[in-house]
Participant: 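This structure is in structure tokens; I'll ask about it shortly.
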There are 2 protein chains.
Amino acid sequence: MFSKSCEYAIKAMIFVAQKSDESNRIGIKEIAKGTDAPEHFMAKIMQDLSRRRLIHSVKGPNGGFYMDKSDLKNSIANIVKAIDGDVIYTDCVLGLKVCSEKNPCPVHNEYKEIKKNIIKMIEKNSIGDFKDKLDSARYFLKNNK
Amino acid sequence: MFSKSCEYAIKAMIFVAQKSDESNRIGIKEIAKGTDAPEHFMAKIMQDLSRRRLIHSVKGPNGGFYMDKSDLKNSIANIVKAIDGDVIYTDCVLGLKVCSEKNPCPVHNEYKEIKKNIIKMIEKNSIGDFKDKLDSARYFLKNNK
DNA sequence: TAAAATTATGTTTTCAAAATCTTGTGAATA
DNA sequence: TATTCACAAGATTTTGAAAACATAATTTTA
């Protein structure tokens with residue numbers, strides 16, 4: 001569904017949303033630990049996210065990543081688009097280059113509804129929504145060992 | 001969603017369903033051409049499918065692949081399971097090793113419904129259904145050049 | 001014996017992951 | 001107050017493994 005990078009990105013965004021605010025930043029090491037991701041790989045993903053202005057970062061001592069109010073309003077879809085592009089919006093389940101109403105693959109109509117639901121799911125949910133969920137402590141970003 | 005191999009497998013199954021019967025087999029070259037797939041790669045996939053008894057094959061002159069009545073009853077799900085295993089049934093959108101009702105990721109509940117629809121889609125549709133669709137000539141297995 | 005699937009092996013490409021180097025920033029200190 | 005040091009993100013490169021794709025040899029059978 002999503003690339004590994006994208007999975008990590010979503011988890012990281014939710015994690016930072018929950019753990020940080022403007023005056024309380026959080027470093028890569030913690031983010032990697034908290035999301036069960038390889039540190040260096042996560043660093044690269046955080047760079048992408050910050051370059052695309054989905055998250056704020058501060059260098060130097062006491063620096064780190066944080067999200068402000070407007071960052072929290074970003075939808076999951078914005079993250080997905082930043083990392084994976086718009087493949088989820090355009091791709092055909094059977095991998096046809098062109099798959100449309102005029103030129104449908106055999107499963108096009110069946111999949112159309114599903115795709116609609118997927119898009120609805122990632123667009124209607126904002127990072128802020130998940131912050132609240134995680135606060136309730138019934139949801140997880142990694143498996144406890 | 002599905003692996004490349006799995007996409008090819010589904011296309012090949014639909015193609016053979018449409019083009020062959022017990023006395024009229026179809027060779028790998030034709031299958032590859034008809035589905036826009038690399039010939040040798042497709043050969044390997046056809047082997048898998050035949051080893052798992054989702055399709056029939058005959059060696060030698062005038063040999064090839066074909067589907068009998070019971071083959072046509074196979075669902076898309078059977079192909080997916082044969083090639084990709086049950087990842088589609090068990091995997092978490094965010095890549096958690098364990099993601100369940102007891103231990104849900106933040107998007108678990110949202111994705112649950114979507115997964116249900118995906119499974120319904122691949123289970124309710126048999127290869128035979130798509131054979132009919134393709135016969136109607138409004139559907140495509142490859143892009144015309 | 002020729003046609004076709006089957007088997008085995010090899011190459012290329014892609015992607016996740018790791019390592020390393022660079023840049024910017026705050027704080028201590030001489 | 002200028003200098004230096006340490007910390008943390010930013011950027012680039014390298015490595016490893018898996019997936020995708022290709023070639024060649026081997027059966028099987030009409």
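Chain identifiers are assigned alphabetically (A, B, ...) following the order of the sequence lines, protein sequences preceding nucleic acid strands; residue numbering begins at 1 within each chain.
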Participant: In whole angstroms, how far is the P atom of C/dG24 from the NE2 atom of A/His56?
Facilitator: 19 Å
Participant: Is the shortest side-chain N to carboxylate O distance from A/Lys33 to A/Glu30 below 4.0 Å?
Facilitator: no
Participant: In whole angstroms, how far is the P atom of C/dA3 from the CD atom of B/Glu30?
Facilitator: 16 Å
Participant: Taking CD from B/Glu39 and P from D/dA22, how many angstroms apart are they, rounded to a whole number?
Facilitator: 9 Å
Participant: Within a 6.0 Å radius of atom CG on A/Asp68, are there more than 12 heavy atoms belonging to other residues, nucleotides or ligands?
Facilitator: yes
Participant: What does the B/S/- profile of nucleotides 10-21 of chain D look like, 5' to 3', with a 4.0 Å heavy-atom cutoff to protein?
Facilitator: BB-B------SB
Participant: Check the distance between C/dC15's C1' and A/Asp84's CG and give it to me in whole angstrom.
Facilitator: 12 Å
Participant: Between C/dA4 atom P and B/Tyr66 atom OH, what is the distance in whole Å?
Facilitator: 16 Å
Participant: Rounding to a whole Å, what distance do you find between A/Met42:CE and C/dC15:C1'?
Facilitator: 17 Å
Participant: Can you tell me how far the CE atom of B/Met42 sits from the OG1 atom of B/Thr35, to the nearest 0.5 Å?
Facilitator: 3.5 Å
Participant: Assess whether atom NZ of B/Lys29 is packed by more than 12 heavy atoms of other residues, nucleotides or ligands within 6.0 Å.
Facilitator: no
Participant: In this structure, how many angstroms lie between the P atom of C/dA4 and the NZ atom of B/Lys29, rounded?
Facilitator: 7 Å
Participant: Where each residue is assigned the nucleotide of DNA chain C containing its nearest heavy atom, which of A/Asn62 and B/Val58 is assigned the position nearer the 5′ end?
Facilitator: B/Val58
Participant: For the pair A/His56 and A/Tyr66, name the ring-plane relationship: parallel under 30°, tilted 30 to 60°, perpendicular over 60°.
Facilitator: parallel
Participant: Looking only at the side chains, is there a donor atom on one of B/Tyr139 and A/Asn109 sitting less than 3.5 Å from an acceptor on the other?
Facilitator: yes
Participant: Determine the contact category for B/Gly63: base if any of its heavy atoms lies under 4.0 Å from a base atom, sugar-phosphate if only primed atoms, P, OP1 or OP2 are that close, otherwise nothing.
Facilitator: sugar-phosphate
